[in-house]
Number of protein chains: 2
Amino acid sequence: MASVKTKIAKPINVLIIDDHKMVRDGLKVMLGSLKQFMQFSVFEAESGEEALKKKDFNAIDLMIIDYNMPGMSGAETVFAVLRSKPEMKILALSNYSELPYIQNMVDAGAKGYILKNIEPAEMLRAIKTILSGNKYFSNEVAIKLLDEQEEKTMQKIRLQKFITPRENQVLQMIAREMTSKQIGEQLFVNSRTVDSHRRNLTKKLNAKNTVGLIKIAYKLNLIEE
Amino acid sequence: MASVKTKIAKPINVLIIDDHKMVRDGLKVMLGSLKQFMQFSVFEAESGEEALKKKDFNAIDLMIIDYNMPGMSGAETVFAVLRSKPEMKILALSNYSELPYIQNMVDAGAKGYILKNIEPAEMLRAIKTILSGNKYFSNEVAIKLLDEQEEKTMQKIRLQKFITPRENQVLQMIAREMTSKQIGEQLFVNSRTVDSHRRNLTKKLNAKNTVGLIKIAYKLNLIEE
DNA sequence: CAAAAACTCCGTAGAAATACGGATTTTTTA
DNA sequence: TAAAAAATCCGTATTTCTACGGAGTTTTTG
């Protein structure tokens with residue numbers, strides 16, 4: 001039997017994919033500073049393409065991938081990696097906390113999204129969370145996500161001052177796929193009246209046709225369902 | 001000049017609003033455990049109504065409000081509080097990390113949203129963040145928000161297998177408020193062809209009319225913009 | 001109370017969408 | 001390569017939507 005001198009926790013194999021050496025170095029230092037809690041063996045790649053060619057690809061436990069890189073983007077890299085190894089744990093790293101970026105990475109299959117200003121303690125938490133099969137997102141990311149929603153609400157409030165209650169009601173009914181005739185019957189008014197409301201709405205909301213109305217209604221969450 | 005024996009940081013006045021004594025007590029204990037970092041003077045209210053009647057209302061620095069309470073709901077309480085004191089810092093507390101709940105509280109004006117399983121360290125971070133004028137959300141909350149998005153994406157993928165590429169293309173153009181005629185011109189096909197696609201889409205997606213198409217397209221994020 | 005805003009109704013017409021049923025050509029795929 | 005799926009085109013007919021202009025009634029509001 002092989003002798004085991006000390007009990008050593010198996011190090012985590014981390015592959016850092018980023019085109020900037022500085023970022024890679026910074027990450028290495030940060031991971032090193034966590035060695036009392038977790039040991040890391042750090043591998044590096046300057047691009048998604050390079051990462052995919054790594055021979056020790058299968059030994060990697062965790063990948064940290066930058067969002068924007070020349071050549072394959074972060075999202076493309078994530079996608080490509082997961083195609084060859086679906087269970088790979090991937091942490092997306094970015095400067096941006098805007099929804100579209102996050103969305104891209106998460107859609108591609110990243111299990112977490114952190115910002116570059118992350119503190120070591122949070123990094124440790126992020127890595128632990130992801131390695132245990134869960135997802136991790138920086139709080140700032142959450143804030144951005146909700147701000148998005150908040151903006152919608154504001155717009156909605158502004159708009160609902162702009163369109164009259166009746167118009168609002170008609171809009172909701174249009175959104176339920178009802179025709180002017182049906183709406184008129186339900187509201188006990190002439191279908192031509194409904195047409196008038198419809199026309200006013202189209203003008204007020206600056207829409208070309210009913211499709212435009214629905215789009216606005218959707219954007220502003222005027223549609224329940 | 002008055003004598004100052006020891007340098008004492010001014011305690012933060014916290015009002016806890018929750019109908020369950022147990023939760024209030026638990027919070028008090030947790031806040032007490034943070035005294036080495038921050039001093040709290042804890043006030044309590046069993047309901048939104050009671051909170052609004054507090055005479056030391058104006059001395060409160062931070063409110064922690066439970067989501068579901070008999071009588072005024074958490075969101076209503078938040079809204080009412082902010083009407084009389086718009087700059088009040090409010091932290092929403094809940095068992096639920098579902099979007100609609102979070103949405104309600106944030107819309108009402110809560111500056112943060114934490115779950116009841118929060119750890120003291122995170123609580124401290126949340127309070128600090130909010131008192132400094134920022135927003136704070138538990139990570140689990142962020143995950144839920146993104147899962148929501150992910151589900152959409154899955155649906156989208158499923159659906160895009162169902163509708164043909166051409167149909168998808170036509171759908172996008174319909175969503176741009178284009179008529180069949182215009183679409184036909186742009187795709188160099190007869191407008192009747194577009195009508196056929198439109199008809200097939202309506203049937204496949206089980207919509208009554210164009211409005212239904214757009215609704216589905218929107219739900220599934222098929223529409224860029 | 002007077003003015004403004006919102007809601008209502010209507011005529012005429014043309015454009016667009018929907019319904020139904022088919023047929024041909026092209027492309028994909030087993 | 002044969003079958004299936006997708007994309008194309010078309011005829012007929014009806015319904016719905018959009019456009020333009022006008023006008024009466026009710027409600028809201030300063």
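Proteins come first, then strands; the chains are lettered A, B, ... in the order of their sequence lines, and each starts at number 1. Computed from heavy atoms alone, side chains included, the values below leave out hydrogens, waters and symmetry copies.
- Identified under the side chain to side chain donor-acceptor pair (under 3.5 Å) test for residues 14-24 of chain B, with sequence neighbours left out: B:K21-B:D25, B:R24-B:E44.
- Using five terminal pairs a side, the axes of the helix from C:dC1-D:dG30 to C:dA30-D:dT1 at its two ends make an angle of 70°, given in steps of 10 degrees.
- Looking at A:T210 and A:R198, their side chains do bring a donor and an acceptor atom within 3.5 Å of each other.
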Would you tabulate the pairs of protein nitrogen or oxygen atoms and nucleotide nitrogen or oxygen atoms of nucleotides 26-30 of chain D closer than 3.5 angstrom?
none

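- Surrounding NZ of A:K181 are at most 12 heavy atoms belonging to other residues, nucleotides or ligands under 6.0 Å away.
- Sorted pairs that involve residues 171-202 of chain B and meet ring-ring contact (aromatic ring centres under 6.0 Å, His included), not counting sequence neighbours, are lacking altogether.
- Within a 6.0 Å radius of CG in B:N206, other residues, nucleotides and ligands contribute 12 heavy atoms or fewer.
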Notebook entry, point to check: Which letters describe nucleotides 7-23 of chain D, given B = protein heavy atom under 4.0 Å from base, S = only from sugar-phosphate, - = neither?
Noted result: SBBBBB---SSBBBB--
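- Judged purely by distance below 3.5 Å, without hydrogens or angles, the side chains of A:T129 and A:N134 never pair a donor atom with an acceptor atom.
- Aromatic ring centres of A:F137 and A:Y113 lie farther apart than the 6.0 Å criterion allows.
- Dense packing is recorded around CD of B:E167, with more than 12 heavy atoms of other residues, nucleotides or ligands lying under 6.0 Å away.
- No cation-pi contact links A:K111 to A:Y136, judged by a cut-off of 6.0 Å to the six-membered ring centre and 45° from its axis.
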Could you tabulate the donor-acceptor pairs under 3.5 Å formed by side-chain atoms of residues 67-79 of chain B, not counting sequence neighbours?
{"from": "B:Y67", "atom 1": "OH", "to": "B:N104", "atom 2": "ND2", "distance (Å)": "3.2"}
{"from": "B:S73", "atom 1": "OG", "to": "B:A75", "atom 2": "N", "distance (Å)": "3.4"}
{"from": "B:S73", "atom 1": "OG", "to": "B:E76", "atom 2": "N", "distance (Å)": "3.1"}
{"from": "B:E76", "atom 1": "OE1", "to": "B:S73", "atom 2": "N", "distance (Å)": "2.9"}
{"from": "B:T77", "atom 1": "OG1", "to": "B:S73", "atom 2": "O", "distance (Å)": "2.8"}

